[in-house]
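Shown next, in structure tokens, is the structure this report addresses.
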Amino acid sequence: MTETPDRLRELTGEASLNHVVLGPAGSIGVAGRLAEDACSRDALHVLASGLGLPGLRRDRLADDLARAAASSDAQAARSAAAVLHAFGMRLGALIATLRDPATAARQGSTPHRRDFLTRWTTVERVWLAGGLLAGRCGPLVLEGAKVTAGLAPDPCPVAVPPRPELAPLIGAARHVPAGSGSEAAVVADLGHTRIRTAVAERHGRTLRRLRHLRAGPAPRLPGTVEAAVGAALAEAVRDAADPTVKRIRVIVSVASFVRDGLPADDGQGIYGCLAARAPGLLRAIRDAAGVGADLRFLHDGTAAASAAGGPGDAVITAGTWLGVGFAPMGGPPRLTVPRDRLPVAWADEAGPPPAALG
């Protein structure tokens, strides 16, 4: 395992995968295209429409594709499987491009960009996570990804974690300190499509479960971000309230690069405005809790990598856009997750959970 230079520990926009130019792995017709044009949610939507699955909802694309893949209509099931396999091959082509040492030299437009791209050649395992791999979609996408990722000059294992759409939330929960019984912990995932929150229960250094899992739509307009996030976090801390609780820790995975512990206001995402509004959010949390509280932000890719991988691993999240994360190194030990089950209680989220992936 290669030691990570200090300058690469906090990801910046130069680590983004969206502008990587795809190589020719597998000759699948995406060579020369930007990754964001081939591997985003909208790209999958276009792919599905072109392969005979019109009418799918962009904001529920994984749900609709999973439903089609399980349909009793054989043609619809075959089409959905073909779409997801083809999308996986595109993600595999991205992995093969990143594993090629020539990519950093060709596409590293700045020293930091070159360093981030070079880091991919040392990764020991790549995990695929994010909303587009939820439920039945994950195994089909993974099957396609392995085909083209295996064509890399130096291929590495590729896998999908259980509940890939919840990886940032579970990863945030693993960053909860192993605190005293008088502390409660709330975790949140601020995504491009949804905001998810939960109360994290831990015993010693083990994350026992996530309860009171709630999901709501992400804000669409910049002026509504603080109110939407504040309301979601306030509701979550009220879920955590208890006469024995003296302090609440709130750890937030956010679809934004993070600088100095706050979302980076770099114009690349809707949540950057929270950098200036964190004091107001903290006041809202404390008012809702009625006790002391603190607030910490994590880059969502880093959080997802915390859920899925060990040292030396990386994650690509496929959702509205592509996300990136590397397993954090250093810092306090993270909570462990029981091997026999996922630490998630589903009573508060509408509908049954999709089957967990092995």
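- Side-chain atoms of Thr148 come within 3.5 Å of backbone atoms of Met89 as a donor-acceptor pair (strictly under, hydrogens ignored).
- Side chains of Glu235 and Thr197: no donor on one and acceptor on the other come within 3.5 Å.
- Considering CG of Asp189 and CD of Glu165, their distance stands at 10.5 Å, rounded to 0.5 Å.
- With sequence neighbours excluded, the residues satisfying salt bridge (Lys or Arg N to Asp or Glu O under 4.0 Å) with Arg58 are Asp42.
- Minimum interatomic distance between Pro328 and Arg334 (heavy atoms only, all atoms of both residues): O-NH2, 3.2 Å.
- Using a 4.0 Å cut-off between charged nitrogen and carboxylate oxygen, Lys246 and Glu183 do not count as a salt-bridge pair.
- Under the 4.5 Å side-chain criterion, counting only non-hydrogen atoms from C-beta, Leu117 is in contact with Leu98.
- Minimum heavy-atom separation, Val187 to Ala200: CG1-CB, 4.5 Å.
- The two residues Arg202 and Ala178 make their nearest non-hydrogen contact at NE-CA, 4.3 Å.
- By the 4.5 Å heavy-atom criterion applied to side chains, Asp100 and Thr97 are not counted as neighbours.
- The structure places SG of Cys39 at 4.5 Å from CG of Leu91, a figure rounded to the nearest 0.5 Å.
- Within the 4.5 Å cutoff, no side-chain heavy atoms of Thr103 are placed close to those of Val21.
- The CG atom of Leu44 lies 9.5 Å from the OG atom of Ser49; values are rounded to the nearest 0.5 Å.
- Aromatic ring pairs are classed by plane angle as parallel below 30°, tilted from 30° to 60° and perpendicular above 60°; the pair Trp120 and Phe326 is tilted.
- Panel note: side chain Thr121, backbone Thr118; a donor-acceptor pair is recorded below 3.5 Å.
- Distance alone, capped at 3.5 Å, places no donor-acceptor pair between the Arg60 side chain and the Asp64 backbone.
- At a threshold of 4.0 Å, the pair Arg208-Glu201 does not count as salt-bridged, since none of the basic side-chain nitrogens sits closer than that to a carboxylate oxygen.
- Taking 4.0 Å as the cut-off between side-chain N and carboxylate O, Arg214 and Asp239 count as a salt-bridged pair.
- When Ile251, Val254, Val252 are each tested for a side chain to side chain contact (heavy atoms under 4.5 Å, CB included) with Leu298, only one passes: Ile251.
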Original post:
Taking it one step at a time, do His175 and Ser306 satisfy side chain to side chain donor-acceptor pair (under 3.5 Å)?
Top reply: CA-CA 8 Å; His175 282 263; Ser306 299; 2.8 Å; yes
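- If you take CG on Leu132 and OG1 on Thr320, they are separated by 7.5 Å, rounding to the nearest 0.5 Å.
- A single hydrophobic cluster is not seen to contain both Ile170 and Val250; linkage of ILVMFWY side chains at heavy-atom distances under 4.5 Å, directly or through other members, places them apart.
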Check: residues 217-229 side-chain donor-acceptor pairs under 3.5 Å, at least two apart:
residue : atom : partner : partner atom : Å
Arg220  : NH1  : His192  : O            : 3.4
Thr224  : OG1  : Leu221  : O            : 2.7

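- No more than 12 heavy-atom neighbours from other residues, nucleotides or ligands sit within 6.0 angstrom of CZ on Arg259.
- Counting only distance, with no hydrogens or angles, the side chain of Arg99 and the backbone of Val123 share a donor-acceptor pair below 3.5 Å.
- With sequence neighbours excluded, the residues forming a side-chain contact (heavy atoms from CB on, under 4.5 Å) with Ala145 are Leu128, listed by chain and number.
- A distance-only check finds no donor-acceptor pair linking the side chain of Asp313 to the backbone of Ala327 [under 3.5 Å].
- The main-chain N or O of Leu322 is found under 3.5 Å from a side-chain atom of Asn18 such that the two form a donor-acceptor pair.
- Here the side chains of Arg125 and Val158 are not in contact, with every heavy-atom distance at 4.5 Å or above.
- For the pair Val186/Arg249, no side-chain contact is recorded, criterion being any heavy-atom separation below 4.5 Å from C-beta on.
- Using a 4.5 Å cut-off on side-chain heavy atoms (C-beta onward), His299 and Leu11 make contact.
- For Thr317 (side chain) and Gly130 (main-chain N/O), no donor-acceptor pair under 3.5 Å exists by modelled atom type.
- For Ala241, there are no side-chain contact (heavy atoms from CB on, under 4.5 Å) partners two or more places apart in sequence or in a different chain.
- When side chains are defined from C-beta on, Leu190 counts as touching Leu274, because their heavy atoms get closer than 4.5 Å.
- Through direct or indirect side-chain contacts shorter than 4.5 Å among Ile, Leu, Val, Met, Phe, Trp and Tyr, Val46 is connected to no other residue.
- Using a 4.5 Å cut-off between side-chain heavy atoms of Ile, Leu, Val, Met, Phe, Trp and Tyr, with links allowed through other members, Val126 and Leu84 fall into the same hydrophobic cluster.
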Run the side-chain donor-acceptor check on residues 280-295: report pairs under 3.5 Å with partners two or more places apart or on a different chain.
residue : atom : partner : partner atom : Å
Arg286  : NE   : Ala293  : O            : 3.0
Arg286  : NH2  : Ala293  : O            : 2.9

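- Using a 4.5 Å cut-off between side-chain heavy atoms of Ile, Leu, Val, Met, Phe, Trp and Tyr, with links allowed through other members, Leu65 and Val141 fall into the same hydrophobic cluster.
- With rounding to the nearest 0.5 angstrom, the CZ atom of Arg174 is 11.5 Å from the CZ atom of Arg205.
- Note on Val315: it does not cluster hydrophobically with Leu169, by side-chain heavy-atom contacts below 4.5 Å among ILVMFWY residues.
- Here Glu36 does not pair with Arg41 in a salt bridge; the nearest charged N to carboxylate O distance is not below 4.0 Å.
- At least one donor-acceptor pair closer than 3.5 Å links the side chain of Tyr271 to the backbone N or O of Gly191.
- Rounded to the nearest 0.5 angstrom, Asp266 CG and Phe257 CZ are separated by 7.5 Å.
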